Student: 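Dumping the structure here so I can ask a few things about it.
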Amino acid sequence: MEYNPYRALVNEFKDIAAKLTGVEDLQVIRARAGFGYLSIPLHDLIRSRPNLSSEINEGIRGVKAHYLVDLRFINGFLNANVNLINYGKLVLDSTIGLGPNYGKVPDLRRLNIIVEHTSANPLHPLHIGHCRNMVLGDSLVRLLRFMGHNASARFYLDDTGIQVMYLALGYSKVKELVRRRIESSQKPDHVMWIIYSVTNAIAEVQRITKALEGKGEEEYRELIKERDEWVGVIADWLSRDKELVNTLVESLSSIDVNAEVARMAKAYEDGDEGVKGIVREAVNLVLKGFEETFKLFNVKFDAYDWESEIAIYSGLAKRIIMNLAKAAPGYVEFKDGVYVFRADKAAADLKLWDELKLPKFIPPATLNRSDGTTLYLTRDVAYAVWCLTNCNPDAVIRVIAVEQTHPQAQLRIILKLLGYDASRIVHYAYEMVNLGDAKMSSRRGQAVTIDGLLDDAVKRVKAIASGRGGLNTDDVAYAVAVGAIRYYFVSVSPSKQIVFDWGRVLDMNQNSGPFIQYTYVRAHSILSKANLEPTQYIVPSGLSPEEGNLILMIGEFPEVLLRVSEDLKLENLVSFINRLALEFNTFYEKYPVINAEPGLREFRLALVKAVKIVLENSMGILGIPVLSRM
RNA sequence: GGGCCCGUAGCUCAGCAUGGAUUAGAGCGGCGGCCUCCUAAGCCGUAGGUCGUGGGUUCAAAUCCCACCGGGCCCGCCA
């Protein structure tokens with residue numbers, strides 16, 4: 001039994017090559033089709049040692065190998081094919097023997113890793129941008145855990161900014177209406193979204209109305225246009241929930257919303273019990289809505305880290321400003337009560353680009369408002385400091401949108417200057433999700449929510465299922481819909497923008513979550529109908545190309561996972577299981593398993609079982625629900 | 001203006017870190033086939049590509065380097 005059969009194969013090849021050339025640890029690549037499975041390019045060596053070619057041709061005849069066969073030396077490449085009888089036995093024994101642990105490499109150092117992800121502001125429901133974050137983050141956690149690391153998922157809850165105060169202020173006026181809506185089973189984050197958006201719109205209308213005074217005609221017209229847009233936002237919500245919106249408008253019209261919100265923000269940072277009570281209540285309601293969504297997607301967090309507690313009430317954020325001013329006085333400027341960190345100068349002087357993976361341009365960072373309240377970056381540094389000191393992580397992987405590259409770079413420089421190991425903070429950046437034509441703005445009430453996306457996907461799944469007489473239960477429909485959505489978001493490199501496309505997400509054909517689930521169902525179905533545990537089997541000679549390919553792919557799985565867990569490119573795991581599923585389906589259509597002749601039947605059952613194990617382990621990592629029927 | 005990312009088939013994307021073989025891979029969409037047989041959310045066949053452009057390095061470039069072109073994002077007392 002081998003944890004990594006592919007590595008056993010490669011090592012045997014390296015040993016052979018070392019005997020032939022006298023050089024250890026040569027680079028092994030996959031051979032081009034028609035030239036075997038593995039290949040070692042030897043052009044460099046040959047050029048410096050003219051006799052080498054004939055030496056290899058001489059020595060190659062006496063080579064004895066267990067897993068390899070057909071060694072040939074062609075065009076400067078040393079090629080080898082695989083002895084599928086021996087290697088197949090190794091691969092199938094290892095896969096079936098290790099089962100749910102197949103793919104895990106045990107001699108990896110066990111690391112403490114924090115994955116901070118999603119971390120949406122608690123103001124409105126999660127939308128498709130958050131969905132990308134959530135799916136990536138949760139899959140990373142699953143991957144790292146599968147590989148044996150101690151990974152924890154944390155949600156950084158920003159309850160301190162100005163935006164939350166809009167929500168809290170609005171909420172304080174309509175608490176009773178909110179309670180009734182939630183009791184009648186409306187989703188809390190969706191109800192709170194109305195409050196946040198409408199309160200914000202009212203504040204904008206008030207601000208613009210004030211700004212109108214003494215403006216010239218052209219500017220006046222611009223402002224009126226802008227104000228009309230915000231009135232339009234309110235009108236849109238009115239059609240969704242007349243009572244709630246009307247009550248908000250009535251009770252807020254006599255208040256200077258902008259001033260009140262600023263006052264609340266200050267009071268919240270000062271720990272005012274009244275403000276704290278209402279903010280906490282509002283945030284918790286939104287959070288309750290988030291958690292319903294997480295549950296549907298099988299996303300779990302180990303902790304919600306409240307920013308107010310970690311950065312503000314502890315005094316940590318303010319101490320960080322002072323400590324930074326002390327530790328790096330040359331890079332902190334103070335003017336009119338505001339501290340500015342010259343990240344640009346610090347990066348240039350200290351030459352930290354490589355160590356901290358910084359971009360070549362970094363703007364200066366303002367650390368606080370002149371009224372004494374903190375800014376997001378400073379609180380974020382406090383959070384990072386807290387993570388590093390309290391959790392003792394080897395790495396903190398933060399799944400954050402790419403447009404935050406500069407703040408995240410500033411954060412790492414500050415940590416370094418404060419004496420922390422900033423290289424442990426990894427910004428796992430993902431590109432934005434575009435809506436194509438429409439602009440997305442949760443503040444304006446325009447967003448494709450994850451909940452809405454899931455509902456549509458479920459409808460689509462049910463339509464397909466009823467069309468073909470499959471299982472049409474809610475459980476199956478949700479599992480398939482979640483599989484489709486998760487697969488979509490994890491199949492594209494995080495560095496690529498996504499132009500959101502309903503057709504692509506809801507596609508249930510090949511190269512999709514449901515395709516993987518369906519393939520698993522087929523494998524499962526064969527095994528349960530065969531009613532025979534494939535323990536005794538012999539790998540026959542003369543395997544079909546499909547059977548051979550399946551063995552090679554299954555054997556490669558731990559190597560694929562190892563690579564994916566090092567570079568965190570989940571999309572490579574996705575493309576691997578898609579290829580495996582394609583190959584399995586070809587095999588499935590072409591060759592009978594249960595009705596195969598004795599001997600062949602046992603081998604094929606073992607092969608099916610191994611495929612099933614690899615699919616199941618991969619689906620677990622990607623959070624794609626596993627179904628036994630669909 | 002500066003920085004970061006992206007550019008591979010009509011569309012959506014793998015492959016690039018660590019260069020490898022004059023057939024560059026998938027899926028969707030086209031076109032043509034396959035359900036008395038382990039689930040047709042499947043399978044088979046077919047058409048479709050100057051790997052953005054131009055240089056350079058190399059025995060060998062989609063992959064590395066430089067320049068340019070196109071698209072996106074960032075450069076706040078917002079987050």
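Small disclaimer: the values here were computed from a predicted structure and weren't measured. Numbered from 1 within each chain, the chains take letters A, B, ... in sequence-line order.
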Student: To the nearest angstrom, how far is A:F500 atom CZ from B:C13 atom P?
Tutor: 13 Å
Student: For a side chain to side chain contact (heavy atoms under 4.5 Å, CB included) with A:M165, tell me which candidate from A:R263, A:M264, A:E260 qualifies.
Tutor: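 Considering A:R263, A:M264, A:E260, a side chain to side chain contact (heavy atoms under 4.5 Å, CB included) with A:M165 is found only for A:M264.
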Student: I'd like a table of donor-acceptor pairs (distance under 3.5 Å, sequence neighbours excluded) in which one partner is a side-chain atom from residues 341-351 of chain A, with atom names and distances.
Tutor:
{"unit_1": "A:R342", "atom_1": "NE", "unit_2": "A:D344", "atom_2": "OD1", "d": "3.1"}
{"unit_1": "A:R342", "atom_1": "NH1", "unit_2": "A:E333", "atom_2": "OE2", "d": "3.1"}
{"unit_1": "A:R342", "atom_1": "NH2", "unit_2": "A:D344", "atom_2": "OD2", "d": "3.0"}
{"unit_1": "A:D349", "atom_1": "OD2", "unit_2": "A:Y331", "atom_2": "OH", "d": "2.8"}

Student: So what's the dot-bracket for RNA chain B: Watson-Crick or G-U pairs under 3.5 Å, [ ] if a pair crosses, | if it pairs off-strand?
Tutor: (((((((..((((......[....)))).(((((.......))))).....(((((..]....))))))))))))....
Student: Would you list the atom pairs, donor with acceptor, under 3.5 Å between side chains in residues 123-136 of chain A and any protein atom, with sequence neighbours excluded?
Tutor:
{"unit_1": "A:H127", "atom_1": "ND1", "unit_2": "A:G129", "atom_2": "N", "d": "3.0"}
{"unit_1": "A:H130", "atom_1": "ND1", "unit_2": "A:H127", "atom_2": "N", "d": "3.0"}
{"unit_1": "A:R132", "atom_1": "NH1", "unit_2": "A:E431", "atom_2": "O", "d": "2.8"}
{"unit_1": "A:R132", "atom_1": "NH1", "unit_2": "A:K496", "atom_2": "O", "d": "2.9"}
{"unit_1": "A:R132", "atom_1": "NH2", "unit_2": "A:S493", "atom_2": "O", "d": "2.9"}
{"unit_1": "A:R132", "atom_1": "NH2", "unit_2": "A:K496", "atom_2": "O", "d": "2.8"}
{"unit_1": "A:N133", "atom_1": "OD1", "unit_2": "A:T118", "atom_2": "N", "d": "2.7"}
{"unit_1": "A:N133", "atom_1": "ND2", "unit_2": "A:V399", "atom_2": "O", "d": "3.0"}
{"unit_1": "A:N133", "atom_1": "ND2", "unit_2": "A:Y430", "atom_2": "OH", "d": "3.2"}

Student: Take atom CZ in A:R7; do more than 12 heavy atoms of anything else shown fall under 6.0 Å from it?
Tutor: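 No, the 6.0 Å shell around CZ holds no more than 12 heavy atoms from other groups.
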Student: Once you round it to whole Å, what is the distance between C1' of B:C13 and CZ of A:F489?
Tutor: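 After rounding, the gap between these two atoms is 15 Å.
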Student: Can you check whether any acceptor in the base of B:C13 is under 3.5 Å from a donor in the side chain of A:S491, or vice versa?
Tutor: no
Student: Decide, for B:C35, between syn and anti: a glycosidic angle within 90° of 0 counts as syn, anything else as anti.
Tutor: syn
Student: Could you go through nucleotides 31-34 of chain B and list every protein N or O atom that sits under 3.5 Å from one of its N or O atoms, giving the distance for each pair?
Tutor:
none

Student: Using a cutoff of under 3.5 Å, can you pull out all pairs of nitrogen or oxygen atoms linking the protein to nucleotides 15-18 of chain B, with atom names and distances?
Tutor:
{"unit_1": "B:G15", "atom_1": "OP1", "unit_2": "A:N572", "atom_2": "OD1", "d": "2.8"}
{"unit_1": "B:C16", "atom_1": "OP1", "unit_2": "A:R563", "atom_2": "NH2", "d": "3.3"}
{"unit_1": "B:A17", "atom_1": "N6", "unit_2": "A:R563", "atom_2": "NE", "d": "3.2"}
{"unit_1": "B:A17", "atom_1": "N6", "unit_2": "A:R563", "atom_2": "NH1", "d": "3.1"}

Student: Grab the N/O contacts between the protein and nucleotides 44-47 of chain B below 3.5 Å, and write none if there aren't any.
Tutor:
{"unit_1": "B:C44", "atom_1": "OP1", "unit_2": "A:T586", "atom_2": "OG1", "d": "3.0"}

Student: Among B:G20, B:C38, B:G42, which is the nearest nucleotide to the side chain of A:F77?
Tutor: B:G20
Student: In this structure, how many angstroms lie between the P atom of B:C4 and the CD atom of A:Q410, rounded?
Tutor: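 Distance check: A:Q410 CD to B:C4 P gives 15 Å.
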Student: Thinking salt bridges, do A:E589 and A:R522 make one under a 4.0 Å N-O criterion?
Tutor: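 Counted as a salt bridge, because a side-chain N and a carboxylate O are separated by less than 4.0 Å.
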Student: For B:G3, does the base pair up with any side-chain atom of A:H406 as donor and acceptor (N or O, under 3.5 Å, distance only)?
Tutor: no
Student: Could you check which of B:G42, B:C73, B:C78 has an atom nearest any side-chain atom of A:R369?
Tutor: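 Among the listed nucleotides, the one closest to the side chain of A:R369 is B:C78.
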Student: Check this for me, if you would: do A:R563 and A:E566 make a salt bridge, where the nitrogen-to-carboxylate-oxygen distance has to be below 4.0 angstrom?
Tutor: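 Judged by the 4.0 Å cut-off on N to carboxylate O distance, A:R563 and A:E566 do not form a salt bridge.
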Student: Once you apply a heavy-atom cut-off of 4.0 Å, does A:P592 come out as touching a base, just sugar-phosphate, or nothing?
Tutor: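 Answer is base: heavy atoms of A:P592 come under 4.0 Å of a base.
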